[in-house]
Amino acid sequence: MQFAFDSMLGLGLLACAAGVFWSRDLFRSVVMFIAFGLLLALTWVRLEAPDLALAEAAIGAGLTGVLLLDAIGHLRQHKEHSPRNHWLLPLLCCIALALLLILSLNARPEASISLPELVAESLPESGVEHPITAVLLNFRSYDTLLEIAVLLVAAVVAMALNDGLAATARTSAEQSSRDPVLAGFTSRLAPVILLIAVYVLWAGSYMPGGAFQGGAILAAGLVLLKLADFHIERYAESLLRLGLALGFLVFLAVATSVMIGGRPFLTYPEAFAGQFILFIEAVLTFSIGLILFSLFNQSPGQEVPHDN
Amino acid sequence: MTAFWWTVAALLLVTLLAGLIRIWRGPNPADRMLAAQLFGTTGVAILLVLAQAMQTPALNDVALVLALLAVVAMVAFVRRARPETEEPE
Amino acid sequence: MNLIPLLLVIPLAWALLSLLLPRLPLGLLALAGIVLQLGTAAMLWNDVQIHGASRYAIGDWVAPLGITLVADGLTVTLLAMTALIAVVCAFYAIFYLRAYEKERRYFWPLFWFLLAALNGIWLAGDLFNLYVGLELVTLAAVGMVTLSGERHALAAGLRYLYAALLGSLAYLLGVALLYGAYGTLDLGQLSSLLEANLITQLALALMTFGLLMKTAVFPLHSWLPPAHGGALAPVSAILSALVVKSSFYILARIWMDAGNALMPVSAAQLLGALGALAIIWGGWQAFRQSEIKMLVAYSTVAQLGYLMLLFPLAIGQSQQSAILAWQGTMLHLLSHGFAKAAMFLAVGTLVLAVGKKRVVDMAGISAKMPLALFAFGLASVSLMGLPPSGGFNAKWLLMQSAIQSGQWHWVAVLLAGSLITASYVFRVFSVSFQKDADPQIRPTHPALDLSALLLAAIAIALGFGAAIPVELLTLPEEML
Amino acid sequence: MTTDFWFACIGAVLIAMALFTFIRHTHLLRRILAFNIMGSGVFLILVGLAQHQRQTDPVPQALVLTGIVVAVAATALALIIFRRFYQLSGRTELDEDQQ
Amino acid sequence: MIYLQYLLVGAGCLFFIVGTLGLLRFPDTFTRIHAITKADNLGLGLLMLGLLPSTQSVPQALKLVLIWLLVLAASATASYLIAHYVKAKSPDALPHAAETASEEQD
């Protein structure tokens with residue numbers, strides 16, 4: 001029965017992807033893409049990667065879908081120019097690529113290095129029990145540092161593009177004209193979202209969870225507040241800017257301060273590795289949440305008045 | 001017992017994939033978003049069943065997160081996406 | 001041995017400083033930071049010169065598990081080049097950006113993130129780490145290209161972003177296949193493990209395609225000219241001199257370190273053919289351009305073709321010609337970096353002064369802006385490969401390697417390249433030395449010409465002191 | 001035909017489909033969708049291939065987590081620049097793209 | 001105990017199937033909203049009841065209940081929003097005979 005489930009899931013993924021690409025109407029493609037994100041979360045579950053399922057659910061359903069829907073709302077017409085006419089040659093190359101890939105997946109040498117065993121061996125010294133968090137925050141923490149820099153650069157460029165705009169008045173609904181049901185629902189749901197984000201962050205050290213998933217959930221909560229016309233960004237414009245860089249600042253500070261103690265870069269002191277990781281993850285969650293929210297909030301074309 | 005959970009999961013997946021038809025055919029955007037909403041709920045159900053079938057309690061957290069965030073896409077559609085042109089298929 | 005991570009920490013720390021404290025004099029802050037980085041790079045330089053290459057395990061985790069940074073001769077040379085070009089471009093940007101108030105606020109954080117990413121790529125020894133470094137370079141570079149916010153800058157940025165994202169996905173697919181096959185991501189370990197089977201060949205081919213897309217080699221170059229041509233002068237200088245080279249550096253590392261025995265000679269010749277086509281087609285396009293910045297941007301496309309000649313001259317040839325090809329290519333990478341940065345800065349000054357972009361508008365500029373034009377001239381001497389310059393030494397080494405390996409057609413390509421380069425450079429000179437034209441120019445700060453002149457002088461100085469960097473470019477152990 | 005291998009093959013087909021769309025369509029938003037799906041395909045191969053006939057490997061899963069976050073950052077940036085470009089020019093394709 | 005679980009989960013599945021069928025077969029948006037809300041409350045509710053006995057610990061069981069409550073609240077709000085949106089979009093979209101006839105042939 002597992003085989004039936006997997007094959008259906010795989011074919012469902014292909015059907016969703018086909019739907020995204022062959023739909024003439026862009027809106028339908030975006031909705032198909034949201035469905036694709038959900039099926040992908042199920043796929044990660046079947047590949048024994050609950051962390052990725054969590055991340056795909058939080059970022060795929062929570063954020064990318066919202067960003068795309070927001071972009072669709074901004075575009076006036078959905079009709080697009082007909083695709084390029086010469087399609088035979090690209091079709092053949094893509095089919096060839098797919099076949100080559102599948103063939104190569106099959107014939108591969110026996111791996112001489114088994115990283116999972118190495119991870120299992122040095123897991124006790126990493127300070128956390130969950131192997132993925134250990135890899136992310138300790139063994140390959142330099143990757144994570146650069147990745148947070150990537151997120152920060154995206155936010156900086158978004159701010160640069162927005163500052164360039166004369167601070168156009170953001171015509172959005174005032175306090176009074178909020179949708180009552182949505183406002184009520186959001187005001188009750190927001191604390192739950194915050195609680196769950198902290199829970200996911202805390203769970204990261206011993207079971208699937210962690211900074212990114214927690215940050216994405218936090219961002220989705222902030223986006224929900226913004227959509228329900230709770231204008232949170234008005235309150236602390238400058239604090240928002242500090243919040244963006246705070247996670248990266250703390251991570252870099254910790255990474256370099258250990259060097260003063262004579263240890264190599266990004267080496268947590270043995271006894272406190274767990275506490276260091278949790279502290280960094282907490283600040284990272286806060287910063288990732290703010291960065292992802294500001295990426296949603298800074299996107300141009302907000303001036304379109306709501307016609308509720 | 002686990003075979004039972006797998007059949008339930010497979011059944012729910014069939015209903016989920018059936019929802020794709022509505023996304024494809026759905027005359028107006030609201031129908032498509034309805035299907036997406038149903039996807040979210042069915043996804044939560046499948047995750048809960050898989051948590052039992054695969055004995056990984058972590059999946060309950062995934063279900064929890066998905067339950068939370070499925071509504072964000074719907075709210076984004078209502079508040080921001082206003083696709084004027086609805087082409088009959 | 002804490003010098004290596006210092007080269008990563010300084011730019012990242014300065015990026016945060018310039019992001020969080022905009023009221024500080026960002027330009028001076030940047031200068032202080034880069035001088036510090038230049039010092040560290042110099043210290044690392046002679047440290048490697050004395051003790052040879054050194055590896056640095058981040059987080060004290062050994063290779064396959066953790067990430068190791070590798071600092072050998074080539075890395076240190078590139079680090080020094082990056083720091084040098086960056087300090088001059090920063091000095092130039094302080095005065096240049098006075099005319100661009102809006103862009104100044106976000107130029108410096110992006111500048112530092114770009115520098116941090118470049119240092120990360122030069123030092124990285126881990127395939128996935130290179131991927132994240134490439135992404136950071138791409139996003140920072142796209143951010144700088146779209147800084148002005150006008151329509152053509154946004155279009156150029158979008159085209160650049162899409163091409164770069166496609167390229168890094170192809171690269172990541174190659175990394176995924178290699179990890180699936182060999183179970184490790186460390187470049188050093190992979191070089192001993194790689195064997196010629198389908199999955200490795202496909203992985204390396206995909207990585208090559210991805211990196212060629214990011215290096216804008218001939219058929220995949222269409223994103224470069226609008227991006228480099230349309231950006232601010234210091235931005236296009238850094239992009240053309242450093243950013244485009246980072247993906248080529250990874251390509252060279254992979255093929256020369258890891259896949260040396262794996263590349264079939266026919267594939268090497270194909271890459272060489274692409275390089276030759278780039279030289280000829282890029283040069284011809286540069287000749288036809290009406291805007292002076294686009295001319296210099298297409299000249300980058302052409303000069304990148306020379307780098308691709310490394311593969312036909314090194315793969316499947318004698319040890320001697322391979323060493324010559326390696327040294328020639330890396331010297332060309334260095335001298336082109338300095339010369340192209342000088343050219344872009346000089347052209348930026350001219351455009352700022354004249355206020356118009358087209359080459360014909362530069363009529364009679366030599367009388368009014370002699371220094372800027374002299375820097376442009378020195379830089380073009382190196383690009384053309386005339387005797388005293390670094391470019392000449394590089395092309396001479398390449399020519400020797402071609403003669404030794406008996407591939408005369410590459411000699412013809414090298415000569416044709418120099419001629420074509422001369423053609424579009426002299427087009428600029430012929431316009432700018434017209435006697436009767438008398439352009440009105442706005443006064444520009446002398447520091448602008450000075451920085452362009454400094455970089456051009458270094459490019460020429462490479463011609464005399466080429467022995468120092470070349471000898472340090474110790475071959476990757478694989479080839480010895 | 002284990003689960004991992006099956007989903008790795010699905011990933012390969014997804015990459016091919018996304019690449020085909022990337023080449024054929026010039027609409028910038030559709031290209032962002034194609035880029036995202038291609039990224040998911042690459043991640044499926046990264047995890048699927050590494051775990052094919054081997055134990056569950058946390059390293060590729062951590063790499064994919066980093067990859068997802070980088071993909072979100074790149075997608076969000078592409079969307080923002082595209083919307084600014086659309087606001088200024090009213091076009092959804094780059095100029096030279098349509099024949 | 002097992003049979004009770006079979007029964008409950010079976011009923012839950014039934015409601016999901018009914019919900020999806022409703023989504024596919026019903027003529028217009030308003031009726032489809034009813035269909036999917038059935039799947040949410042009852043389908044998931046019964047499924048969750050069926051799952052409760054086989055959870056390892058009490059907090060895990062409480063988590064299941066929390067998930068169900070969240071889905072309940074979410075689907076209620078979503079249905080309201082969609083109905084509100086459709087009515088605002090085309091005020092005459094109320095399901096009367098003429099309207100449903102035109103829906104059929106597409």
Side-chain angles (χ1 to χ4, degrees), chain A residues 1-2 4-5 8-9 11-12 15-16 19 23-28 30-32 34-35 38-39 41-42 45-46 48 50 53-54 57-58 61-62 65-66 69-70 72-74 76-79 182 185-186 189 192-193 196 199-200 203 207-209 213 217 220 223-224 227-228 306-308, chain B residues 2-14 16-17 19-20 23-26 29 31-33 35-36 39-40 42-44 46-47 50-51 53-54 56-59 61-87 89:
Chain A
M1 191 40 86
Q2 266 175 337
F5 186 85
M8 269 194 296
L9 189 53
L11 296 179
C16 266
S23 153
R24 305 259 344 117
D25 168 20
L26 255 179
F27 179 77
R28 180 165 60 184
V30 168
V31 179
M32 277 289 191
I34 294 175
L38 185 86
L39 287 178
L42 291 180
V45 167
R46 287 298 299 130
E48 287 120 24
L54 202 57
V66 168
L69 283 171
D70 196 20
I72 282 280
H74 180 201
R76 275 292 142 282
Q77 22 72 12
H78 300 293
K79 268 290 152 267
L182 182 59
F185 170 71
T186 316
L189 190 68
V192 175
I193 288 183
I196 290 176
Y199 161 70
V200 165
M207 58 181 279
Q213 297 91 336
I217 295 167
V223 163
L224 190 62
L227 285 174
H306 298 278
D307 47 16
N308 49 0
Chain B
T2 51
F4 169 70
W5 293 122
W6 278 109
T7 42
V8 169
L11 212 60
L12 288 173
L13 187 61
V14 167
L16 197 131
L17 296 179
L20 279 179
I23 289 188
W24 184 259
R25 273 190 51 234
D31 295 331
R32 296 198 174 109
M33 281 314 289
F39 265 44
T42 320
V44 168
I46 292 177
L47 283 168
L50 283 181
M54 298 170 66
T56 43
L59 295 186
D61 290 345
V62 182
L64 182 63
V65 165
L66 196 57
L68 260 175
L69 301 183
V71 77
V72 177
M74 175 63 79
V75 170
F77 163 71
V78 170
R79 305 298 290 186
R80 288 290 171 79
R82 268 169 313 291
E84 276 72 23
T85 54
E86 280 127 12
E87 306 80 20
E89 263 26 309

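To find a chain, count down the sequence lines: A is the first, B the second, and so on, and within it residues start at 1.
- Applying the side-chain contact (heavy atoms from CB on, under 4.5 Å) test between Phe5(A) and each of Val14(B), Thr7(B), Leu12(B), Leu50(B) identifies Leu50(B) as the sole match.
- Met8(A) touches chain B through backbone and side chain together, each having a heavy atom under 4.5 Å away.
- For Leu42(A), the part sitting under 4.5 Å from any heavy atom of chain B is the side chain, from C-beta outward, and nothing else.
- To the nearest 0.5 Å, the span separating CG on Leu64(B) from CD1 on Ile196(A) amounts to 4.0 Å.
- Taking all atoms of both residues into account, the shortest heavy-atom contact from Ala73(B) to Leu69(A) is O-CD1, 3.4 Å.
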Requested in this report: Report the C-alpha separation of Val223(A) and Val75(B) in whole Å, then their side-chain angles, then the decisive distance to 0.1 Å, and conclude whether the side-chain contact (heavy atoms from CB on, under 4.5 Å) test is met.
Outcome: CA-CA 10 Å; Val223(A) 163; Val75(B) 170; over 6 Å; no
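- Only the side chain of Val65(B) comes within contact range of chain A, judged by heavy atoms closer than 4.5 Å.
- The salt bridge (Lys or Arg N to Asp or Glu O under 4.0 Å) analysis of residues 61-71 of chain B, with sequence neighbours excluded, yields the pairs Asp61(B)-Lys63(E).
- Interface residue Ala9(B): backbone and side-chain heavy atoms are both found under 4.5 Å from chain A.
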Requested in this report: Could you go through the side-chain contact (heavy atoms from CB on, under 4.5 Å) check for Met54(B) and Arg46(A) one step at a time?
Outcome: CA-CA 9 Å; Met54(B) 298 170 66; Arg46(A) 287 298 299 130; 3.6 Å; yes
Query raised in the report: When you look at Trp24(B) and Met32(A), which way does the side-chain contact (heavy atoms from CB on, under 4.5 Å) test go after all the steps?
Result: CA-CA 8 Å; Trp24(B) 184 259; Met32(A) 277 289 191; 3.7 Å; yes
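- In terms of heavy atoms, Leu69(B) sits closest to Ala57(A) at CD1-O, 4.0 Å.
- Top candidate by heavy-atom pairs under 4.5 Å with chain B, chosen from Ala15(A), Ala203(A), Ala35(A), Ala228(A), is Ala35(A).
- With sequence neighbours excluded, the residues satisfying side-chain contact (heavy atoms from CB on, under 4.5 Å) with Pro50(A) are Pro208(A), Ala58(B), Leu59(B).
- With a threshold of 4.5 angstrom between heavy atoms, Val66(A) approaches chain B through its backbone and through its side chain.
- The CG atom of Asp31(B) lies 12.5 Å from the CZ atom of Arg28(A); values are rounded to the nearest 0.5 Å.
- If you tally non-hydrogen atom pairs under 4.5 Å between each of Val45(A), Leu224(A), Val200(A) and chain B, the highest count goes to Val45(A).
- At a 4.5 Å heavy-atom cutoff, Leu11(A) makes no contact with chain B through either its backbone or its side chain.
- Closest approach of Leu38(A) and Gly43(B) over heavy atoms only: CD2-CA, 4.3 Å.
- Interface remark: Ala4(A) contributes no atoms to any contact with chain B (heavy atom separation under 4.5 Å).
- By the 4.5 Å heavy-atom criterion applied to side chains, Phe27(A) and Met33(B) are counted as neighbours.
- In this structure, Ile34(A) and Phe39(B) have side chains that are not in contact, with every pair of non-hydrogen atoms separated by 4.5 Å or more.
- Within the 4.5 angstrom heavy-atom criterion, only side-chain atoms of Leu16(B), from C-beta onward, approach chain A.
- Of the possible polar contacts, none joining the Arg32(B) side chain to the Val31(A) backbone as a donor-acceptor pair under 3.5 Å is found.
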